[in-house]
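Structure, as structure tokens:
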Amino acid sequence: MKVKVLSRNPDDYVRETKYDIQRVPRNYDPTLNPFEVPREYTRAMNATKLERVLAKPFLASLDGHRDAVNCMAKHSTSLSTLLSGACDGEVKVWNLTKHNCVRTIQAHEGFVRGMVVRFCGTSFYSIGDDKTIKQWNMEAPGYGVEEEPINTILGKTVFTGLDHHQKNGTFATCGQTVDIWDEQRSTPIRSFSWGVESFSSVRFNPVETELLASCASDRSIVLYDMRESMPLKKVIMTMRSNTLSWNPMEAFYFTCANEDYNLYTYDMRYLEEPVAVHVDHVSAVLDVDYSPTGREFVSASFDKSIRIFPKENRNSREVYHTKRMQHVVCVKWSADNKYVMSGSDEMNIRLWKANAAEKLGVLSHREKLAANYNQKLKEKFQHHPKVKRIARHRHLPKHIYTEAKEHTVMREARRRKERNVRKHSKPGAVPMLSERVKHVVAVVK
């Protein structure tokens, strides 16, 4: 004989203390919840609207420079430390937590062209228009002690770019050639040139640490291996690239900021065409930096805005601008993936949130659960037209809005002309070229 007995465990429905939330039993059977999807759609819509309402990305403005900010460097071991160099040769060290300047050095005569912190964080290097490389102690000197560099190297030409090896005491500079230096020597241990007048930027690969890349004045991007005596290969584009940034998680990928208003992500194993072309800027892109996760990067442009791109997307997911911000020259993404720093022509460094609607500070357990739930809802309904329209909408300054419309008209006119030429030519005389292939002139090995 079968006997059915009701069995209830008080732990399932009784609160431990009177301050706990009442436990509500839930049955997830879809037949008992016929309106689950409409209810979730409404919640997703509300979450998307709230995200746009709460999107306040600007955090602080660090002012104190007396000339335009020309370069910045992140500290390799401290999240709250930022270094910046200006066009009057002044270097400042900032405390990002307190939003104040903790140290000022008159480092060079003329522009500070580049800065980098040593991998251990004990010192940093700077280069300037006075043809010198200077190494400075990260610790400020005692009271009354004059600020002096640890080491000074006088070069033969002006240096335009600087980067440090991730694991040992080697650094690279670029100017008329790309030079590899040992910290213990006053002359370069190796120099690379490939019939190029000058180089604008050089970057070490953070994963494959012996590899580096540079942007040259002949519109090319050149790849090097420090273990070789000659450059590896170069890709020549239709317009000049200003700088580049390696993906910190995927060793083969790098993104370059170009004068033709676009950014290009390349796979160094196959340079015949870029992996992705990133559009949206309406003027030359001056700087780019990857997030520490390698999933996104931030770009700075002459059009007075900064944009955040997912690495595989054509369009940006976020655009930041203010009324006072002028041409943005340099940009950095913080090592904790939460903040973006930008330096611009009007002598200010601005601190932004990487996720515009993110709530800063300590979150309670319920807040975390609610944020995660809302995020999943937004991802689930992201392609619904109304949700997509609200999530994508951004207010733009008038000059960016009008120029973007103008560029759209120009692109359409070029496509129309190409179609007409193809229509009135022999079959195969005017081949169909994808947007990615058009910007690459040649690959030289």
Side-chain angles (χ1 to χ4, degrees), residues 1-57 59 79 97 207 247-253 275-276 290-297 308-318 333-340 352-394:
M1 185 175 111
K2 190 186 287 185
V3 178
K4 291 186 179 179
V5 180
L6 287 175
S7 173
R8 291 196 181 93
N9 184 358
D11 291 342
D12 293 337
Y13 55 88
V14 177
R15 293 183 293 176
E16 288 183 11
T17 67
K18 65 177 181 179
Y19 301 108
D20 284 356
I21 302 166
Q22 290 280 7
R23 294 192 178 187
V24 180
R26 293 205 48 196
N27 189 335
Y28 291 96
D29 183 4
T31 57
L32 299 177
N33 296 283
F35 297 111
E36 184 181 12
V37 173
R39 197 181 297 124
E40 283 189 346
Y41 176 75
T42 306
R43 287 176 184 167
M45 182 75 92
N46 290 340
T48 308
K49 289 177 180 176
L50 269 177
E51 183 190 38
R52 298 316 314 145
V53 168
L54 300 173
K56 292 180 169 52
L59 292 175
L79 285 174
T97 312
V207 185
N247 189 319
M249 287 295 164
E250 299 178 50
F252 299 112
Y253 292 91
V275 176
Y290 262 93
S291 72
T293 60
R295 292 169 179 247
E296 295 181 316
F297 60 85
I308 296 174
F309 292 84
K311 68 179 174 65
E312 67 282 340
N313 284 17
R314 176 182 168 84
N315 298 97
S316 62
R317 73 158 173 86
E318 200 63 79
W333 198 308
S334 70
D336 63 350
N337 199 34
K338 283 184 175 290
Y339 306 100
V340 169
W352 311 81
K353 288 191 279 190
N355 184 2
E358 183 183 14
K359 185 179 179 185
L360 299 180
V362 181
L363 298 180
S364 70
H365 181 61
R366 291 183 71 189
E367 283 179 316
K368 287 179 187 173
L369 290 178
N372 292 339
Y373 179 58
N374 286 339
Q375 186 61 35
K376 284 295 177 189
L377 285 176
K378 285 182 285 191
E379 287 173 12
K380 182 176 178 180
F381 293 95
Q382 62 183 336
H383 299 298
H384 282 240
K386 289 187 178 179
V387 176
K388 189 177 181 181
R389 183 182 64 82
I390 295 167
R392 282 183 57 193
H393 180 73
R394 297 291 182 277

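Keep in mind that this is a model prediction, so the values were computed, not measured.
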Discussion item. Take a 6.0 Å sphere around CZ of Arg392 and say whether it holds more than 12 heavy atoms from other residues, nucleotides or ligands.
Written reply: no

Worksheet item: With a cut-off of 6.0 Å (strictly less than), are more than 12 heavy atoms of other residues, nucleotides or ligands near CZ of Arg15?
Response: yes

Worksheet entry | Under 3.5 Å: donor-acceptor pair, side chain of Lys56, backbone of Val53 | yes

Discussion item. Are Arg52 and Arg394 packed together at the side-chain level, in the sense that at least one heavy-atom pair is separated by less than 4.5 angstrom?
Written reply: yes

Discussion item. Quick one: does any side-chain atom of Asn33 pair with a main-chain N or O of Asn27 as donor and acceptor, under 3.5 Å?
Written reply: yes

Worksheet item: Rounded to the nearest 0.5 Å, how far apart are CG of Asn337 and OG1 of Thr293?
Response: 4.5 Å

Worksheet item: Do Leu79 and Tyr339 have side-chain heavy atoms sitting under 4.5 Å apart?
Response: no

Discussion item. Under the ring-ring contact (aromatic ring centres under 6.0 Å, His included) definition, can you give me all pairs with a residue in residues 3-44, not counting sequence neighbours?
Written reply: Tyr41-Phe381, Tyr41-His384

Worksheet item: With side chains defined as the heavy atoms from C-beta onward, is the minimum distance between Leu360 and Leu59 less than 4.5 Å?
Response: yes

Response to the item:
Heavy-atom nearest pair, Gly294 first then Asn247, reads O-ND2, 3.1 Å

Worksheet item: Do the non-hydrogen side-chain atoms of Thr42 and Asn46 ever get within less than 4.5 Å of each other?
Response: yes

Worksheet entry | CD1 (Ile21) with more than 12 external heavy atoms under 6.0 Å | no

Worksheet entry | Closest approach of Leu377 to Ala44 (non-hydrogen atoms, all atoms of both residues) | O-CB, 3.8 Å

Response to the item:
Separation between CD (Glu40) and OH (Tyr373), nearest 0.5 Å, reads 4.5 Å

Discussion item. With heavy-atom distances below 4.5 Å as the criterion, would you say the side chains of Val275 and Lys311 are in contact?
Written reply: no

Worksheet item: Going by heavy atoms in the side chains, are Lys378 and Val387 under 4.5 Å from each other?
Response: no

Item to complete: For Glu379, look at atom CD and say whether over 12 heavy atoms of other residues, nucleotides or ligands are found less than 6.0 Å away.
Response: yes

Worksheet item: What distance do Glu51 atom CD and Gln375 atom CD have between them, rounded to the nearest 0.5 Å?
Response: 7.0 Å

Fill in: For the student: nearest non-hydrogen atoms of Trp333 and Pro292, plus distance
CD1-CD, 3.8 Å

Worksheet item: Going from CG on Asp11 to CD on Glu16, what distance comes out if it is rounded to the nearest 0.5 angstrom?
Response: 8.0 Å

Discussion item. Would you compute the distance between atom CG of Asn374 and atom CG of Leu369 and round it to the nearest 0.5 angstrom?
Written reply: 11.0 Å

Discussion item. Could you report the tightest heavy-atom contact between Pro248 and Tyr290, atom names first, then the distance?
Written reply: CD-CB, 3.6 Å

Worksheet item: How far does CG of Asn313 sit from CZ of Arg295, to the nearest 0.5 angstrom?
Response: 12.5 Å

Worksheet item: Only one of Glu296, Lys338, Met249 clears side-chain contact (heavy atoms from CB on, under 4.5 Å) with Ser291; which?
Response: Glu296

